[in-house]
Amino acid sequence: MEAPTPNSVSRGEEAAEVEEINWTELPRDVTSMILSNLNAVEILSSAQYVCSLWRKLCREPMMWRNIDMHNLGDLWDLEFDLEKMARHAVDRSCGQLLSIFIEYFATDKLLNYIIDRSSHIRHLRLVSCYSISDDGLCEGIKRLPLLDEIDLCYCSFSKEVLEAIGRYCPRLKSLKLNCQGFRRPHIECNEEALAIAQNMPGLKSLQLFGNKLTNDGLVAILDGCRHLESLDLRQCFNVNLGGNVGKRCAEQIKIVRYPNDPTDDYEFDAEIHDDASFDEEYPSGISDLDLLSDDDYYDFSADSDFSDYDPFEQYRFYD
């Protein structure tokens with residue numbers, strides 16, 4: 001018997017290949033499942049234009065119960081207006097929106113637009129949204145009584161925002177308050193930890209990646225948040241979990257991530273900042289306010305010349 005040649009094997013493999021799938025002929029429920037795995041930008045910029053069926057599915061309110069506006073922050077390279085796109089996605093939800101994730105481009109005005117039309121939001125995620133003010137978020141939070149999960153990552157909100165979240169969101173079960181990890185300069189601050197401990201007794205999951213809290217702040221959280229089941233303290237380098245504090249964490253909380261635990265599963269950049277020159281200038285450590293000189297401090301109140309300052313103004317997109 002003649003041995004098969006490479007060409008004959010190749011022809012046989014080609015003949016055995018499954019025919020290319022015609023995506024427009026998939027069952028409706030399968031198509032809906034596929035579309036649900038796309039984020040809002042992908043749907044509005046491309047998926048809805050595939051065919052009439054996909055366009056129809058992309059207009060159904062159920063498709064917009066969860067809106068993901070994830071992006072890489074390269075706002076100046078985009079061909080479309082993310083804020084306008086977010087408003088359009090919210091309009092399509094017809095009041096059925098349950099969760100919304102926004103990165104980089106959110107403003108007070110956009111947040112107010114979203115909440116005005118979506119009183120049933122249960123999960124709010126804001127990443128690097130520096131154009132949302134403390135007052136803007138506090139006012140919005142008052143109208144989200146069903147919120148049970150909030151992520152505030154790489155933002156710059158004050159403890160008053162955390163206090164408002166605890167006061168107006170009694171169902172809150174999960175908080176992510178993440179920032180960049182620092183070994184040096186050595187900065188200690190327990191304001192956020194105390195605000196959490198005093199205002200969020202029902203928390204079950206808490207992620208404080210890169211936070212500046214100390215053992216005092218951690219003890220306050222352990223005392224005030226008795227229902228905690230998961231606590232992530234990775235890159236919280238002011239915390240020392242030896243002795244009684246570490247013992248309490250282990251006994252009281254089911255899942256604990258320690259300051260030096262691996263960050264392989266962390267979704268953001270986990271690079272640690274380490275500037276030894278600060279320790280030479282401030283050998284006793286510094287507080288947040290020590291980093292501001294009189295020349296560096298500006299009043300961003302309503303009467304200030306800087307009240308309408310917008311760091312992203314040069315990247316704003318207009319119709």
Side-chain angles (χ1 to χ4, degrees), residues 39-40 65-71 86 89-90 93 96-180 191-211 213 217 220-221 224-225 227-234 236 253 255 257 266-268:
N39 64 39
R65 297 184 72 183
N66 304 291
I67 296 176
D68 181 1
M69 297 294 295
H70 170 81
N71 64 87
V90 170
S93 73
Q96 297 185 32
L97 182 63
L98 297 179
S99 68
I100 185 163
F101 304 167
I102 301 181
E103 300 189 9
Y104 296 101
F105 66 91
T107 62
D108 286 348
K109 190 174 181 179
L110 175 59
L111 184 64
N112 186 65
Y113 185 92
I114 293 168
I115 295 175
D116 273 348
R117 292 156 178 79
S118 315
S119 60
H120 300 294
I121 293 177
R122 288 182 168 83
H123 186 185
L124 175 64
R125 173 186 170 96
L126 302 174
V127 178
S128 299
C129 291
Y130 301 111
S131 294
I132 294 182
S133 67
D134 283 2
D135 289 343
L137 185 51
C138 286
E139 287 302 313
I141 286 297
K142 292 179 181 179
R143 292 177 285 153
L144 296 178
L146 301 181
L147 197 71
D148 58 29
E149 191 171 354
I150 187 167
D151 306 349
L152 304 175
C153 303
Y154 303 93
C155 297
S156 54
F157 299 117
S158 68
K159 67 181 180 66
E160 283 75 22
V161 167
L162 297 175
E163 292 169 352
I165 293 172
R167 185 179 308 118
Y168 296 109
C169 305
R171 299 188 180 191
L172 193 72
K173 296 294 185 291
S174 175
L175 169 67
K176 291 183 179 180
L177 188 68
N178 300 339
C179 59
Q180 194 75 43
E191 282 190 347
E192 294 169 339
L194 294 177
I196 292 168
Q198 295 167 5
N199 296 278
M200 303 180 186
L203 275 185
K204 291 188 176 181
S205 177
L206 176 61
Q207 185 175 70
L208 293 173
F209 196 101
N211 199 272
L213 83 165
I221 289 174
C225 304
H227 300 287
L228 266 184
E229 298 176 358
S230 175
L231 176 62
D232 190 343
L233 296 170
R234 283 178 293 177
C236 295
I253 303 173
I255 302 172
R257 306 295 295 272
Y266 186 60
E267 61 185 307
F268 302 110

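Of all non-hydrogen atoms in G210 and C179, the two that sit nearest each other are O-SG, 3.0 Å. Residues S119 and L146 come closest through the heavy atom pair O-CD1, 4.4 Å. Between G136 and D108, the shortest heavy-atom contact is CA-OD1, 3.6 Å. In plain terms, the two heavy atoms of D232 and Q207 that are nearest each other are OD2-NE2, 2.8 Å. Between C225 and M200, the shortest heavy-atom contact is SG-O, 3.4 Å. Of all non-hydrogen atoms in L97 and S118, the two that sit nearest each other are CD2-OG, 3.5 Å.
At most 12 non-hydrogen atoms from other residues, nucleotides or ligands lie less than 6.0 angstrom from NZ of K204. No more than 12 heavy atoms of other residues, nucleotides or ligands sit less than 6.0 Å from atom CZ of R171.
No donor-acceptor pair closer than 3.5 Å links the side chain of K176 to the backbone N or O of S174. The main-chain N or O of Y130 is never found under 3.5 Å from a side-chain atom of Y154 such that the two would form a donor-acceptor pair.
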Handout entry: side chain to side chain contact (heavy atoms under 4.5 Å, CB included) between I114 and I67, intermediate numbers included
Key = CA-CA 11 Å; I114 293 168; I67 296 176; over 6 Å; no
Exercise for the section: Please lay out, stage by stage, how L137 and L124 fare under the test side chain to side chain contact (heavy atoms under 4.5 Å, CB included). Expected result: CA-CA 11 Å; L137 185 51; L124 175 64; 4.3 Å; yes
Exercise for the section: Given side chain to side chain contact (heavy atoms under 4.5 Å, CB included), test C129 with I102 step by step and report yes or no. Expected result: CA-CA 8 Å; C129 291; I102 301 181; 4.2 Å; yes
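Among pairs with a residue in residues 192-203, those fulfilling side chain to side chain donor-acceptor pair (under 3.5 Å) read E192-N211, at least two apart in sequence or across chains.
Inter-residue side-chain proximity for R125 and E149 is flagged as unmet; no heavy-atom pair is nearer than 4.5 Å. Counting only heavy atoms from C-beta outward, the side chains of D151 and H123 approach each other to under 4.5 Å. Annotation: side chain of N112 is in contact with side chain of R143 (closest heavy-atom distance under 4.5 Å). The closest side-chain heavy-atom distance from I150 to L144 is not below 4.5 Å. Side-chain contact check for C155 versus I132: every heavy-atom pair is 4.5 Å or farther apart.
Atom-to-atom distance recorded for L126:CG and S131:OG is 11.5 Å, nearest 0.5 angstrom. Distance CD/E103 to CZ/F268: 6.0 Å, rounded to 0.5 Å. Atom CD1 in I253 sits 8.5 Å away from atom CG in L206 (nearest 0.5 Å). How far CD1 of I121 is from CG of L98: 8.5 Å, rounded to the nearest 0.5 Å. With values rounded to the nearest 0.5 angstrom, L147 atom CG is found 11.0 Å from K173 atom NZ. Atom-to-atom distance recorded for L172:CG and I141:CD1 is 8.5 Å, nearest 0.5 angstrom.
Looking at N178 and R234, their side chains never bring a donor and an acceptor atom within 3.5 Å of each other.
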Which donor-acceptor pairs under 3.5 Å do the side chains of residues 156-170 make with protein atoms, sequence neighbours left out?
unit_1: S158; atom_1: OG; unit_2: D134; atom_2: OD2; d: 2.6
unit_1: S158; atom_1: OG; unit_2: E160; atom_2: N; d: 3.3
unit_1: S158; atom_1: OG; unit_2: E160; atom_2: OE1; d: 2.8

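Scored by the side-chain contact (heavy atoms from CB on, under 4.5 Å) test, E139 finds K142 as partners (sequence neighbours excluded).
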